[in-house]
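In what follows, chains carry the letters A, B, and so on, assigned in the order in which the sequence lines appear, proteins first and then strands, with residues in each chain numbered from 1.
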Amino acid sequence: MIAIEDVSKRYADGTVAVDRLSLQIPNHSITVLVGPSGCGKTTTLRMINRMVEPSGGTIRVDGEDIRSRPVNALRRSMGYVIQNAGLFQHRTILDNIATVPRLLGWSKQRARERAAELMERVGLDPAMARRYPYQLSGGQQQRVGVARALAADPPILLMDEPFSAVDPVVRRGLQEELLRIQGELGKAIVFVTHDMDEAITIGDRIAVLRTGGKLAQFATPDEILSSPADPFVEQFLGADRGIRGLSFLSTRDLELDRSRVFPVGSDWREIAGRDPEGTPVLVTDADGKPLGWADPGAWDGDLADLEPYGPSFEVGRDSLRVALDRAVLSPTGLAVAVDASGQVLGVAGQETVAAAIRVARQRRAADTPQETASASAKAGR
Amino acid sequence: MNGFFDIPSDLQHSYGGLIAIHLQEALVPVLVGLLLALPIGLLCVHYDWIYGPVLWTSTVLYAIPSIAFFVVLIDYTGLSQLTVMIPLCLYSLVVLVPAVVDGIRSVPEETNAAASAMGIGLARRYLQVQLPIAVPAIMAGLRVAVASSISLVSVGALIGNQGGLGNLLTTAQLYGRPRLAVTSVVTTAALAIVIDALLVLLRRVLTPWEPPSGGAAGRSGAATTAEDAATRTPEGAS
C-alpha cells in the first residue's frame, strides 16, 4: 500500500506541479494516473521513488515514510519502466535485465538465470539474450524494460508512459501482456499515461489529474465513465464514454435468440415455409460452429453461397460493447454469440443488446455502485 | 634504398629506435591527457558553468607555440623528453575534454533516468553507464589527438635530440641528405595511419553494442556527436 498524503511539489520559480494530492494506492492492483500534460502525473510518480522530492506532505509505503530509507535502497525496491524503455544500449538484453539483481549483490550466474526466467515471462525469445538493444524493435525493447523492472521481484512497479512511443497494435499487445503478468504476480502498479483509453483498459482504479496538479477524480474506470465528477473529467473522457462504458457490462445475461440457428442438412423448404418474410438464418456445421447466413427460401444448400457471418462474440468473456459492435458489423444486424469452444449459442440484434444495457443499468442503480464496479470491472475487455 | 635508412651515428638511435622514441613521445602525452580529460569532462557536464572557462583555457594553451613552452620548461625539465611531452599533453586536452563532454552528453535522457531510478549511484553511473556509452565520442577525439600528437613530436628536434623521427629532418639539413627528410616524413605519416587504424579496431572491440555504421537504423546520435567533436579541432596551431 502506497499512501500519498497531502503531497505538493512547488518549484523555485513558483510553478505548482502537484497540489495537495492525497491518494491511497492498494497492493495487488493497477492504479493509473491520467491527465493532460502539465497535470503533475509524472512528478507524482517520481516522488514515490524520490527522483523528485516533495515540497510538502508525506509518502508512505506500508506505513513507513519513504524518507526513512537510503534513497538507492528505496529505488531498488521499486521497479521502474520508462517511455522508450531507457535500456542500457551498451549491455546485452540479459545484462540489462540483470542490472538490479547485480546491484543487490546477487552473483552474476544467479542474476543471469533470473534474467532468462524473466525474458520468458514477458514473452521474449531466449535467442535475444545475447543481443544488444539496437537489434530489437520498440515493442521488444519495452518488454525488456518491463522485465528489467521486475528482475528483483519488487513489490511495487512504477510505469511512466511506458507504452506511449510504440504503435497502437504493439501497444495493445503490451497492455494485454502487462495484465497477464499482473494476474500472475499481483504487484502494486502505478501507471502514468495521458491516454484515457489506456487508463480504462489497464486500470483497476484511475486518478484523473487536472493541470496544476489537482486531483479531479479517483475511482474505478466504470465509475468514471458512468459518472464523471465534473465537466473537466467528462471532457477528458471524450465523446463516446457511454459506448465505452459498455466494456464493463457482461454479456452473460443477454437474451439470445436460438430460433434462427440451424445445422446444415435442415429442411430449408420447411423453414422457409414457416417464415414467409424470408428473414435470414444462421447455418452451423455438425459441431454447432457458425458457417454463414442464408435466406432459407432462396438457398440451394451450397456452402459457398452463404453470406459471411463476420466476427462473433464470446458470451461471458466479451462485454456488451463487443456484442453491440458485432451486431453493427453484421450484414444481418445480428451478432453471433458463441461459447468458449466456438459453438453457436444464439444470435442477438442491436435491440437485444439495448435491452440488456437497460437491465444492467437498472440493476446497477439498485446496487451500491462501487461494489458492482470493481467486481465486473475486468469482465469484458 | 641507399641513403634512406643509414642513420648518422650522432642521432644515437637506429631507425627502429627512432620510431620507438617517436611513438613514446607522442602517445604517452595523449594517454595522460585522456586520464586528465575524463574527470575534467565529467565535472564540466556536472557543473555546466565551468565548461566555458575550461574550453577557453585549453584553446589558449593550444594556441601557445611549443617553442614558447620549451623556453619556459627547459629551466625545470631540461633538454629531456618530458619537455616535449608536457606541451603535447596540454594540446591534447583541447580535443579530449570536448570529446568526453560530448560523449557523456550523448547518453540519452531516458538512460540516465532509468539508471537513477534503479538506484545506481553517481560514481557507478559514470563508470558503468555513461563512460561506456561515451566511448564512440571519446575514441573519435582520441584519433584526432593521437594523429596530431604524432606529427607534433618532430618539433622536439629543436631542443636537441628529442624529436624522434623529427631529428632526421635537422640531420638531413645538416649533412645535406634530403633522403633522410623523406624517410622522416613518410615514416611519420605511416605511423599516424597505422596507429589510427589500431584505434578504429579498438573502438570496434569496445563497442559491440553499436549499430553497424552506414545502416540508417538505430541510435546514430552518439556517432554523429563523435564525428562533430573530431572536426571541431582548431587548425594550424603551434
Taking side chain as C-beta onward, heavy atoms only, is [X] less than 4.5 Å from [Y]?
X: B:Pro212; Y: A:Tyr134; answer: yes
X: A:Tyr132; Y: B:Pro208; answer: yes
X: A:Phe88; Y: B:Ile120; answer: yes

With a 4.5 Å heavy-atom cut-off (strictly below), which parts of residues 42-51 of chain A touch chain B? List them by number.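 Near chain B, by residue number: A:Arg46, A:Asn49, A:Met51.
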
For chain B, which residues from residues 94-117 of chain A lie under 4.5 Å away (heavy-atom distances)?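 Result: A:Thr99, A:Val100, A:Leu103.
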
Checking A:Gln83 against chain B: side chain, backbone, both or neither under 4.5 Å from a heavy atom?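 A:Gln83 touches chain B through backbone heavy atoms alone.
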
Which atom names give the shortest non-hydrogen contact between [X] and [Y], and what distance separates them?
X: A:His90; Y: B:Pro132; result: CD2-CB, 3.3 Å
X: B:Ala114; Y: A:Gly86; result: CB-O, 3.5 Å
X: A:Ile82; Y: B:Glu110; result: CD1-O, 3.8 Å

Exceeds 12 heavy-atom contacts within 6.0 angstrom, atom CZ of A:Arg180: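 Atom CZ in A:Arg180 is crowded, with more than 12 foreign heavy atoms closer than 6.0 Å.
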
For B:Leu127, I'd like to know if atom CG has over 12 heavy atoms of other residues, nucleotides or ligands within 6.0 Å.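 Check passes, neighbour count above 12.
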
Checking B:Glu109 against chain A: side chain, backbone, both or neither under 4.5 Å from a heavy atom?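 Interface part for B:Glu109: neither.
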
For a quick test of your reading: what N or O donor-acceptor pairs under 3.5 Å do the side chains of residues 57-66 of chain A make, sequence neighbours left out?
from	atom 1	to	atom 2	distance (Å)
A:Arg60	NE	A:Glu5	OE1	3.2
A:Arg60	NE	A:Glu5	OE2	3.4
A:Asp62	OD1	A:Met1	N	2.9
A:Glu64	OE2	A:Ser68	OG	3.1
A:Asp65	OD1	A:Arg67	N	2.9
A:Asp65	OD1	A:Arg67	NE	3.3
A:Asp65	OD2	A:Arg67	NH2	3.2

Donor-acceptor check, side chain of A:Arg75 to backbone of B:Met118, threshold 3.5 angstrom: yes or no?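 Not a single qualifying donor-acceptor pair exists.
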
Non-neighbouring partners of A:Glu120 that pass side-chain contact (heavy atoms from CB on, under 4.5 Å), sequence neighbours left out: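 side-chain contact (heavy atoms from CB on, under 4.5 Å) check on A:Glu120 returns nothing, list empty.
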
